[in-house]
Amino acid sequence: MKVSDFCGLVAAMKNEFPASISREKTVYFCIGTDRATGDALGPLIGTELKKLGYHVLGTLDEPVHAINLNERLQEIPEGKIVIAIDACLGQPSSVGQYQVGKGPMNPGAGIGKRLTPVGDYHIKGIVNVGGFMEDFTLHSTRLSLVMKMAKDIVSAIQQVFQPALLEVAETADWKSTRI
């Protein structure tokens with residue numbers, strides 16, 4: 001399901017992801033690298049989700065990318081539901097939109113790579129136009145768009161899969177601000 005704004009993103013996630021999925025049963029598999037602005041969407045989201053206490057593979061410090069994808073897939077605990085998150089390229093009219101769906105995504109497909117499909121569910125952010133010089137396009141994607149989309153996806157996940165208060169209280173950021 002393709003949506004164009006935050007409210008649509010929340011609605012699509014509630015529609016596509018079963019209500020029985022709990023935060024505790026879920027791993028967010030955030031794909032990409034900060035070496036290309038457009039491809040940094042996944043690691044930006046992963047970094048923020050990790051700070052909030054979600055179970056994440058793929059952050060700015062420890063990214064999941066084409067080279068280590070299969071190795072990082074082995075880190076997913078058995079029995080967890082995987083929500084794959086990645087940037088993708090699309091039509092000019094789709095830039096800035098989100099795709100939410102059931103089933104795996106094919107990371108790297110937008111730039112012609114054939115990688116292992118990932119996820120029980122997926123969230124994609126369309127960060128730029130595909131079809132010509134895709135590698136260059138990812139490198140020349142506007143950071144402001146990627147940051148806005150990352151913020152929207154993190155906020156939507158928080159709304160749909162709210163963390164338990166106790167678990168948030170145990171994050172490093174909270175501990176450092178206790179009185």
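- Counting heavy atoms from C-beta on, the side chains of Val56 and Val27 never come closer than 4.5 Å.
- In this structure, Glu16 and Gly101 approach most closely via the heavy-atom pair OE1-CA, 3.8 Å.
- Closest approach of Val160 and Met13 over heavy atoms only: CG2-CB, 4.0 Å.
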Would Lys80 and Thr26 satisfy side-chain hydrogen bond (donor to acceptor under 3.5 Å, both in side chains), going step by step from the backbone distance to the final call?
CA-CA 5 Å; Lys80 295 285 186 177; Thr26 306; over 6 Å; no
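- More than 12 heavy atoms of other residues, nucleotides or ligands sit less than 6.0 Å from atom CD of Glu75.
- Expressed to the nearest 0.5 Å, how far CD of Glu24 lies from OH of Tyr54 amounts to 9.5 Å.
- Note on Met147 and Ile126: separate hydrophobic clusters, where clusters join Ile, Leu, Val, Met, Phe, Trp and Tyr whose side-chain heavy atoms are under 4.5 Å apart, directly or indirectly.
- Closest heavy-atom contact between Val95 and Leu145: CG1-CD2, 3.7 Å.
- Lys124 NZ to Ile85 CD1: the interatomic distance, rounded to the nearest 0.5 Å, is 13.0 Å.
- The main-chain N or O of Glu71 is never found under 3.5 Å from a side-chain atom of Asn68 such that the two would form a donor-acceptor pair.
- From Cys7, atom SG reaches atom CD of Gln159 across 8.0 Å, with rounding to the nearest 0.5 Å.
- Asp152 and Lys148 are joined by a salt bridge, as a carboxylate oxygen and a charged side-chain nitrogen come within less than 4.0 angstrom of each other.
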Could you check Tyr121 against Ile81 for side chain to side chain contact (heavy atoms under 4.5 Å, CB included), going step by step and ending with a plain yes or no?
CA-CA 8 Å; Tyr121 300 90; Ile81 295 167; 3.9 Å; yes
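- Between Ile31 and the choices Arg72, His65, Met105, the side chain to side chain contact (heavy atoms under 4.5 Å, CB included) rule is met once, by Met105.
- Atom OG in Ser94 sits 11.0 Å away from atom CG in Leu89 (nearest 0.5 Å).
- Residues Ala40 and Asp34 share a closest heavy-atom pair of CB-CA, 3.9 Å.
- A pairwise comparison of heavy atoms in Pro63 and Gly32 identifies CB-O, 3.5 Å as the closest pair.
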Where do Asp39 and Thr33 land on the side-chain hydrogen bond (donor to acceptor under 3.5 Å, both in side chains) test, with the steps shown first?
CA-CA 6 Å; Asp39 204 26; Thr33 177; 5.6 Å; no
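- Taking all atoms of both residues into account, the shortest heavy-atom contact from Thr37 to Val146 is O-CG2, 3.6 Å.
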The test is side chain to side chain contact (heavy atoms under 4.5 Å, CB included); show your working for Lys102 and Asp120 and say whether it passes.
CA-CA 6 Å; Lys102 182 176 181 177; Asp120 299 300; over 6 Å; no
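- Here CG of Leu60 is found 11.0 Å from NZ of Lys50. Values are rounded to the nearest 0.5 Å.
- Looking only at side-chain heavy atoms (C-beta outward), Thr116 and Asn106 stay at 4.5 Å or farther from each other.
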